[in-house]
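The structure under discussion appears below in the form of structure tokens.
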Amino acid sequence: MLLVPCPNCGPRDAGDFRHSGESISRPDPSSATPAQWREYLFLRNNAADWRVETWYCRACRTWFSTERHTMTNRFRTPPVDVLEQRGES
Amino acid sequence: MKMNKRGKGRYSAWGLVRKGLRGQAWPRVWEQHELESSYDVVIIGGGGHGLACAYYLATVHGITNVAVLEKGYLGGGGSGRNTAIVRSNYLTPEGVRFYERSMELYRSMAGDLNMNVMFSQRGHLTLAHSDASMRTMHWRAEVNKLMGVDSSVIDAAEVRRLVPMLDIERDKPHPIEGALYHPPGGIMRHDAVVWGYARGAGAAGVHLHQQTEVTDIVVTGGEGPDGKGPGGKVTGVRTNRGDISAPIVVNCTAGWASLVSGLAGLRLPITTTPLQAAVTEPTKVFLPAVIVSGSLHCYISQTDRGELVFGAAVDPVHTYDLRGSLEFTEGLAGHILELMPGVSKMRLMRQWAGLCDMTADYSPVMGFTPIEGHLVDVGWGTYGFKATPSAGEAMAEAVATGRTPDLIAAFDLARFSEDRLVGEKGAASVGH
């Protein structure tokens, strides 16, 4: 069982979440080239290491980011509400 | 392979009887070699794909100064973990053509490799549970027919006639509306495919190195700060057993593909996700065909020993961790029982997971890369085993001729930067 830390609900089973993969920054739409968009869409580091990733909690409807090791599935840093961090909430 | 067809190493029923009666030991199948300091071609990954590539390089193209480097043991990755289903009823013409070539090679494999690969073309049913699903099945059937593949849509009554164990009652969440029926599809012994290619490649002079982990790929002249990356040229690899210089390095490492090409400074359009499978205790043979349900995310076949082999969809989390989970077992069991309530008393013996290197369009990534001398045969997701022979054959041709064969031209890495994705909705684990 994979317990995912939600900033609101605490640790819950992975089935309660949507995993959206490694966190990547979106290129600036006003200046991004097609090559940068395609890189953003398709290319991934897919690291076997600690990585920052984005999750969505279906229970409290929060997008958050946290750090997980992809070989052991351990979580490390406290989860951060992504929208709050961006000042959009 | 000529040597096995004549030489004393040839396998036969008579040899089995003779060795059994005399209590003779079987000779070692392939020789172990010292790691040379240089090879013409280095193939990373000793699974079916890497070994098939080596086999066709040596036997078809006469390139025998080849090393296959395997971190663990031959066939210990996806080649030994898949559910051994073979079919060619895909949706895209590119996919159908490619997997049909694989079927051709599989049909003659037992003779070609002198290895009993236990290919059983027992028929393959992809169940549809909704009108939308039936529409996709018709679409696939028409593409298949056009490409000369035996494939048709049948109704629920016909499904029941072919597989009496299936429950076709309508009063449930996912009633069986019909199915895509693909008579040539079936299962085979996946380990035997690996061993057959390893034996054939070894006999043709290829060096197979197990317990040999590639720790670095040496690239010069690339655009990265360390000289790696696109625009560079491969000159060799470093391993835990010593350095090798080689002008061509092929990545056949499936789930680990991003990490291996990452050593050369190349990012791939791949995420790695486990797929779990399980097997029950053996019973008498009652399941005459391979059953797949895209909507219920499961596939079922019965081995010649009588065990039911179950596969599921890929896990919902990217990870390299191969541990199983109770959620998977419960979910899978629920889906299987919805299709076949009659197996409710059967016990699961084992479950395991394999890594799937998924791409955005459910098609593989094969051929040349922006790094000279670095080729990839990756992105095999949930369809790598059935592609083993044709992938090996096409990659060997690409290595030997320096040109991309027509058969795999659509699956190149450049498609992701040129908007030419090959959306393969006929792949397993894709909901319809």
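Note on naming: letters A, B, ... go to the chains in the order of the sequence lines (proteins, then strands), and numbering restarts at 1 for each one.
Atom CG of Asp377(B) and atom CE of Met366(B) lie 4.5 Å apart (nearest 0.5 Å). Here the CD1 atom belonging to Ile371(B) is positioned 8.0 Å from the CD1 atom belonging to Ile217(B), to the nearest 0.5 angstrom. Separating the CD1 atom in Ile408(B) from the CZ atom in Phe368(B) is a distance of 8.0 Å, to the nearest 0.5 Å.
A heavy-atom distance below 4.5 Å is not found between the side chains of Val42(B) and Val250(B). A 4.5 Å side-chain heavy-atom check between His374(B) and Val376(B) finds at least one atom pair inside the cut-off. With a 4.5 Å cut-off on side-chain heavy atoms, Phe98(B) and Tyr90(B) do not count as touching. Between Leu348(B) and Phe310(B) there is a side-chain heavy-atom pair separated by less than 4.5 Å.
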Pairs of donor and acceptor atoms under 3.5 Å between chain B and chain A, please, with atom names and distances.
{"from": "Ser258(B)", "atom 1": "OG", "to": "Asn46(A)", "atom 2": "ND2", "distance (Å)": "2.8"}
{"from": "Arg267(B)", "atom 1": "NE", "to": "Asn45(A)", "atom 2": "OD1", "distance (Å)": "2.9"}
{"from": "Arg267(B)", "atom 1": "NH1", "to": "Glu39(A)", "atom 2": "OE2", "distance (Å)": "3.4"}
{"from": "Arg267(B)", "atom 1": "NH2", "to": "Asn45(A)", "atom 2": "OD1", "distance (Å)": "3.4"}
{"from": "Leu268(B)", "atom 1": "O", "to": "Arg44(A)", "atom 2": "N", "distance (Å)": "3.3"}
{"from": "Thr272(B)", "atom 1": "N", "to": "Asn46(A)", "atom 2": "OD1", "distance (Å)": "3.1"}
{"from": "Thr272(B)", "atom 1": "OG1", "to": "Asn46(A)", "atom 2": "ND2", "distance (Å)": "2.8"}
{"from": "His318(B)", "atom 1": "N", "to": "His19(A)", "atom 2": "NE2", "distance (Å)": "3.3"}
{"from": "His318(B)", "atom 1": "O", "to": "Arg68(A)", "atom 2": "NH1", "distance (Å)": "3.2"}
{"from": "His318(B)", "atom 1": "O", "to": "Arg68(A)", "atom 2": "NH2", "distance (Å)": "2.4"}
{"from": "His318(B)", "atom 1": "ND1", "to": "His19(A)", "atom 2": "NE2", "distance (Å)": "3.4"}
{"from": "Thr319(B)", "atom 1": "OG1", "to": "Thr70(A)", "atom 2": "O", "distance (Å)": "2.9"}
{"from": "Thr319(B)", "atom 1": "OG1", "to": "Asn73(A)", "atom 2": "OD1", "distance (Å)": "2.9"}
{"from": "Tyr320(B)", "atom 1": "N", "to": "Thr70(A)", "atom 2": "O", "distance (Å)": "2.8"}
{"from": "Tyr320(B)", "atom 1": "OH", "to": "Asn46(A)", "atom 2": "O", "distance (Å)": "2.5"}
{"from": "Tyr320(B)", "atom 1": "OH", "to": "Asn46(A)", "atom 2": "ND2", "distance (Å)": "3.4"}
{"from": "Asp321(B)", "atom 1": "OD2", "to": "Asn73(A)", "atom 2": "ND2", "distance (Å)": "3.3"}
{"from": "Arg323(B)", "atom 1": "NH2", "to": "Thr72(A)", "atom 2": "O", "distance (Å)": "3.1"}
{"from": "Ser417(B)", "atom 1": "O", "to": "Arg38(A)", "atom 2": "NH1", "distance (Å)": "3.1"}
{"from": "Asp419(B)", "atom 1": "OD1", "to": "Arg38(A)", "atom 2": "NE", "distance (Å)": "3.0"}
{"from": "Asp419(B)", "atom 1": "OD2", "to": "Arg38(A)", "atom 2": "NH2", "distance (Å)": "2.6"}

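Contacts between Leu421(B) and chain A at a heavy-atom distance below 4.5 Å involve the side chain alone, from C-beta outward. Contacts of Ile270(B) with chain A are made by both backbone and side-chain atoms, with heavy-atom separations under 4.5 Å. Contact of Ala48(A) with chain B is made through backbone and side chain together, with heavy-atom distances under 4.5 Å.
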